[in-house]
> 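Starting off with a structure, shown below.
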Amino acid sequence: MTDFPTSIWPALLVAVPITFALGTVFFAAAGRMWSGLAGSVATTLVSALAIAAAVREGGLIHHLGGWEPPLGILLRLDPLAAVFIGMTALTGIAVSFYAASYLRSQDDLPRGASLFWPLWLMLWAGLNGMFLSNDLFNLFVAIEVVGISAVGLAVLSGKPPALMAGLRYLLVAITGSMSYLFGVALLFGAYGTLDLTLLSAAVEPGATTVFALVLMTLGLMAKSAFFPLHFWLPPAHGSELPPVSALLSALVVKGSFYILLRLWAEVFGVSLTFAAGQLIGVCGAAAVIWGSWQALNQDRLKLIIAHSSVAQLGYLLMVFPLLILAPGTAVAVASDWTSSAWTAAVYQTLSHAFAKSSLFLAAGVIVIAAGHDCRESLLDLVARRPMTAFAIGLAGISLTGLPPSGGFFAKWMLLKAAIASGQWWWAPAVLAGSFLTAGYVFMILRLAFAPGNSDTENRPVPRGLESAALLLAVASFFIIVPAEAVISFLESSAPFGSAIVPGEGGVLP
Amino acid sequence: MNAMETYQIYLTASAVLFTTGLAGVFMARHFFRRIVATKIMGAGVFLSLVSFAERDALEFADPVPHAMVITGIVVAVSAAAFALALARRIHQLTGEHDFTTDS
């Protein structure tokens, strides 16, 4: 794992957005926008170059300050991290241009709206840090950077409902990260190292490891809004400025999921059991059904989209039971479905990130045009805002999982893994989730095609806003075109494709 | 009292603090009480980290957990300040001071 060549790129992926984030603070509102945009473009360029270098070399590492683990901190840009960084960059640059256009065209913005730029670039740096860190404590710091800047973004609008949701989000985030940090403390106390690679070699089954596993898993689940710890997400994501909703729903919740996946696959194998996987899978299935059902019952477009996030994140949890081997299964046999399950995890993450950010950006366009986001705002959308209606249609189809979208590929791979592993009981949940998703997506589209009354407001919307939403919707569709290349790149390095082999001494039943 | 026992007293205390804080997060409704509850959780975590510095009966205290505690305290202080600022702003705007509706 550490045989990747050393390079400066992983460090730049964190340093460049932080530098720009701090730089933007020194400007007034207009200058902040330009420097923020420059920072976004620079970070995207660095991401592209770093990914290109990672593809060439198979992966890159960086020892911060030249110190090697266990003393120093290792940043590791392996294929899995590269894909997540690419996702962040693509979503990030589209949302940045949307935000620039949005913040410039709206005149009823709250006073501190231009603080979007430093907070967003800080968030970007934190996310990249999460994807790159190979060190438990460094992950904690990245989690906190992401958490605090995400809450800062969430309360930008300054309205009481947003502040209330933001405070609740912040308290969940603090509780979750303290729980995670307690797990880190226990692991450090037991094994004396924080480096993931060294830890995975040292970790032994036993009560300490299991307790740390439970604390860290629950903490990260709360931060990712995984069912049943999802209660804070819909109000927080439904009451923000549109670019912020898009960023939080598409990217922030994925960061904690990525850490969870890494920890389960690389560190905690010995303490996991088949039953633990089933338990977390049941949470996922419940999230899919409950979240989609709630989405069907919402009246406001942004709340429909926010509840749909809870459901779509549930699919990610259903990957875990498929990765853990049942007692008596040979690793060689399992490679049939673990590879599909990993593909499902990555593609569900990518397609949801693009589709969900596109939907939130489109909802922002509708709010500007109609002045609100109740059901009536959608009437006759196809005639009034064809581009936005098209974006909602494309993104909705990807969320539902109709071919040939990215969402279809993810759900197909999940079904394939469920059937091949013999855990057929996940298949009904996947299918029911798709039916319910189709329900609310078609409800939105039916309203979009319905004739509206002529007095519906239709204020002008800058063209750039609609283009950004459409770009991301198209991305959620076309990510399956390079699927074969992406998967063969991912398969070149563990943990992608590997099964989690439960240890003998797992304490959970 | 030998070193091992002191270590265990610290650890037990940290577990009690963490659990008390966690219970407070779920039970308190007032903004300030809930924020304080997260601080108590944090105190438990930091106490456990400090006590882990005595790992492996080293001759000297392990500096790594101390560095982690310093970083953790800085993070926790800024998060708590942010939470207090939000709570104060909500109180100014609406007069509310607790989570009345749900959770």
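Each chain gets a letter, A, B and so on, in the order its sequence line appears, and its residues count up from 1.
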> Measure A:Ile143 against the heavy atoms of chain B and call it side chain, backbone, both or neither at under 4.5 Å.
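Contact with chain B involves no heavy atom of A:Ile143 at all.
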
> Counting only heavy atoms from other residues, nucleotides and ligands, does the tally under 6.0 Å from CH2 of A:Trp293 exceed 12?
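Counting other residues, nucleotides and ligands, CH2 of A:Trp293 stays at 12 neighbours or fewer.
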
> I'd like to verify something: which residue of B:Leu93, B:Leu49, B:Ile90 has the highest number of heavy-atom pairs under 4.5 Å with chain A?
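Of the candidates given, the most pairs with chain A belong to B:Ile90.
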
> Just so I understand: if I count every heavy-atom pair under 4.5 Å between each of A:Gly158, A:Ser179, A:Gly166 and chain B, which residue has the most?
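Answer, by heavy-atom pair count under 4.5 Å with chain B: A:Ser179.
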
> Counting heavy-atom pairs closer than 4.5 Å to chain B, which one of A:Leu163, A:Val141, A:Ile148 comes out on top?
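When all of A:Leu163, A:Val141, A:Ile148 are compared, A:Leu163 has the most.
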
> Would you please indicate if the ring centroids of B:Phe18 and A:Phe182 are separated by under 6.0 Å?
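Yes, they do, as the ring centres are separated by less than 6.0 Å.
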
> Does the side chain of B:Leu86 reach to within under 4.5 Å of the side chain of A:Val151, using non-hydrogen atoms?
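Touching, per the 4.5 Å side-chain cut-off.
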
> Please examine the side chains of B:Met68 and A:Phe140, heavy atoms only from C-beta on, and report whether any two atoms are closer than 4.5 Å.
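They are not in side-chain contact.
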
> Is there a side-chain contact between A:Met178 and B:Phe46 (heavy atoms, below 4.5 Å)?
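The answer is yes; the side chains approach within 4.5 Å.
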
> On a heavy-atom basis, which atom in A:Leu167 and which in B:Ala83 lie closest, and how many Å separate them?
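The pair with the smallest heavy-atom distance is CD1-O, 3.6 Å.
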
> In residues 169-176 of chain A, which residues are in contact with chain B at a heavy-atom separation under 4.5 Å?
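Under the 4.5 Å heavy-atom cut-off, A:Leu170, A:Leu171, A:Ile174, A:Thr175 qualify.
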
> Side chain, backbone, both or neither: which part of B:Leu22 has a non-hydrogen atom closer than 4.5 Å to chain A?
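Contact with chain A is through the side chain of B:Leu22 alone.
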
> Please list, chain by chain and in numerical order, all residues satisfying ring pair (Phe, Tyr, Trp, His ring centres under 6.0 Å) with A:Trp124, sequence neighbours excluded.
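By the ring pair (Phe, Tyr, Trp, His ring centres under 6.0 Å) rule, A:Trp124 matches A:Trp120.
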
> Could you look at A:Val145 and say if it's the side chain, the backbone, both or neither that has a heavy atom under 4.5 Å from chain B?
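Contact with chain B is absent: no heavy atom of A:Val145 under 4.5 Å.
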
> With a 4.5 angstrom heavy-atom cut-off, could you sort out which part of A:Leu194 is near chain B: side chain, backbone, both or neither?
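For A:Leu194, side-chain heavy atoms alone lie under 4.5 Å from chain B.
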
